[in-house]
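Below is one structure, written out as structure tokens, with a few remarks after it.
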Amino acid sequence: PRSLLGVFDGVRRQLDPEAETAVLEGFRRRRSSTLVSLRIFLLMILVPLIVQQTSRTLLISPLLDRYAPEIPFLNYTKPHLQEKAVNKLRIYQQELEFEALLEGKTPPTREEIQTALMARATQLKDEADEESLEATKNVLADLAALVGFTLVCVVGRRDLQVLRGFLDEAVYGLSDSAKAFAIILFTDIFVGFHSPEGWTVLLDGIAHHLGLPAEENFILLFIATFPVVLATIFKYWIFRYLNRVSPSAVATLRGMDGG
């Protein structure tokens, strides 16, 4: 009976004299929503990037190049980088002796080793200072980008609501198979069996970018907790929302995941 009522209702809407006007109005609303969503989405990406690069080039780099050596708290990365430099210097000394043995030469004297180590130590110190300065610039530029992103979100609150509706429509408008495929792909990447390797690489990259030591205990603790929390939130979303909006997609997901 509901199918028959749906057929009659569809015929009634098509015969309605205002049907064409309603369709055009709906198309205009969807087009306007799409344009607003694309605009705020691009602003959320481009504004932080532009602010980050311009502030780093025009403001942060000149100031730090001038005042960083005189401000102690800006050298927060130096202890970690100096420890790395000491390890490199120790390896360099072993390489000198190893190369002499391989080439069949007389092992370098204590004075020769001392001279080589002094030159290498100066080079490593310069590299550590440069890396420390670059890490500080990265932190300040990222903070500037965060401020830019926050301003975009505050100024474009209404546009963000339109973007949320557009994304909801795009996600829930996918076919059941597409929804299941996207869910499985997302969970396998971020909370799946091989996700710890990806999280490790990501955290190492962030630590290097900020000039911080990549603490193994912190990384292991993060991997042991955050993916679990993320998986729990995702399962709750499937149970609370997707199961209500598209139960056939949940059934398809279970079939694909079980297979």
Side-chain angles (χ1 to χ4, degrees), residues 48-49 51-146 189-230:
L49 289 176
V51 171
Q52 183 189 42
Q53 295 301 320
T54 54
S55 63
R56 179 187 174 94
T57 303
L58 301 179
L59 181 63
I60 296 174
S61 291
L63 289 177
L64 288 185
D65 292 338
R66 172 63 181 85
Y67 296 106
E70 303 174 4
I71 303 178
F73 77 89
L74 292 178
N75 299 322
Y76 69 98
T77 61
K78 280 193 174 181
H80 161 62
L81 296 176
Q82 288 176 353
E83 183 179 352
K84 289 175 56 178
V86 171
N87 293 330
K88 290 181 180 179
L89 190 63
R90 186 181 300 111
I91 294 174
Y92 178 72
Q93 179 180 358
Q94 296 173 356
E95 288 177 349
L96 290 177
E97 298 172 352
F98 184 69
E99 289 179 0
L101 292 175
L102 285 179
E103 297 175 1
K105 297 180 180 179
T106 304
T109 62
R110 185 180 183 85
E111 290 75 12
E112 292 174 345
I113 293 179
Q114 189 72 16
T115 302
L117 289 180
M118 290 177 59
R120 181 60 175 167
T122 303
Q123 181 183 0
L124 290 175
K125 179 183 179 301
D126 294 338
E127 292 178 358
D129 291 342
E130 182 66 23
E131 189 175 351
S132 175
L133 189 61
E134 288 298 318
T136 307
K137 292 178 181 179
N138 291 336
V139 172
L140 297 179
D142 291 345
L143 290 176
L146 180 61
I189 290 176
F190 293 100
V191 298
F193 179 74
H194 296 288
S195 63
E197 290 82 358
W199 286 114
T200 301
V201 173
L202 178 62
L203 293 175
D204 285 341
I206 294 175
H208 178 73
H209 178 76
L210 301 178
L212 298 174
E215 294 290 345
E216 184 178 359
N217 292 334
F218 172 78
I219 293 176
L220 293 177
L221 180 62
F222 181 90
I223 293 174
T225 55
F226 184 75
V228 176
V229 175
L230 190 63

Go through the steps for L210 and D142 under the test side chain to side chain contact (heavy atoms under 4.5 Å, CB included), then give the verdict. CA-CA 9 Å; L210 301 178; D142 291 345; 3.9 Å; yes
Are the charged groups of K88 and E95 less than 4.0 angstrom apart, N to O? no
Within a radius of less than 6.0 Å around NE2 of H208, do more than 12 heavy atoms belonging to other residues, nucleotides or ligands occur?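 Open.
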[atom2] on [Y] to [atom1] on [X], rounded to 0.5 Å:
{"X": "K137", "Y": "L59", "atom1": "NZ", "atom2": "CG", "result": "11.5 Å"}
{"X": "E134", "Y": "T136", "atom1": "CD", "atom2": "OG1", "result": "9.0 Å"}
{"X": "L140", "Y": "L63", "atom1": "CG", "atom2": "CG", "result": "9.5 Å"}
{"X": "L89", "Y": "Q123", "atom1": "CG", "atom2": "CD", "result": "10.5 Å"}
{"X": "I223", "Y": "T200", "atom1": "CD1", "atom2": "OG1", "result": "3.0 Å"}
{"X": "D204", "Y": "W199", "atom1": "CG", "atom2": "CH2", "result": "13.5 Å"}

Minimum heavy-atom distance between A144 and S55, given as atom pair plus value: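 So the minimum-distance heavy-atom pair works out to CB-OG, 3.6 Å.
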Walk me through it: do N138 and R56 pass the test side chain to side chain contact (heavy atoms under 4.5 Å, CB included)? CA-CA 8 Å; N138 291 336; R56 179 187 174 94; 2.6 Å; yes
Any idea how F222 and F226 line up, ring-wise: parallel (<30°), tilted (30 to 60°), or perpendicular (>60°)?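 The rings of F222 and F226 lie parallel, inter-plane angle below 30°.
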Does any N or O in the side chain of S61 come within less than 3.5 Å of the main-chain N or O of T57, such that one atom is a donor and the other an acceptor?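 No.
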Between Q93 and R90, is there a side-chain donor-acceptor contact under 3.5 Å, judged purely by atom types and distance?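 Their side chains do not contain a donor-acceptor pair, so the 3.5 Å distance test is not met.
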Could you go step by step and tell me if Q52 and I60 meet the side chain to side chain contact (heavy atoms under 4.5 Å, CB included) rule? CA-CA 10 Å; Q52 183 189 42; I60 296 174; over 6 Å; no
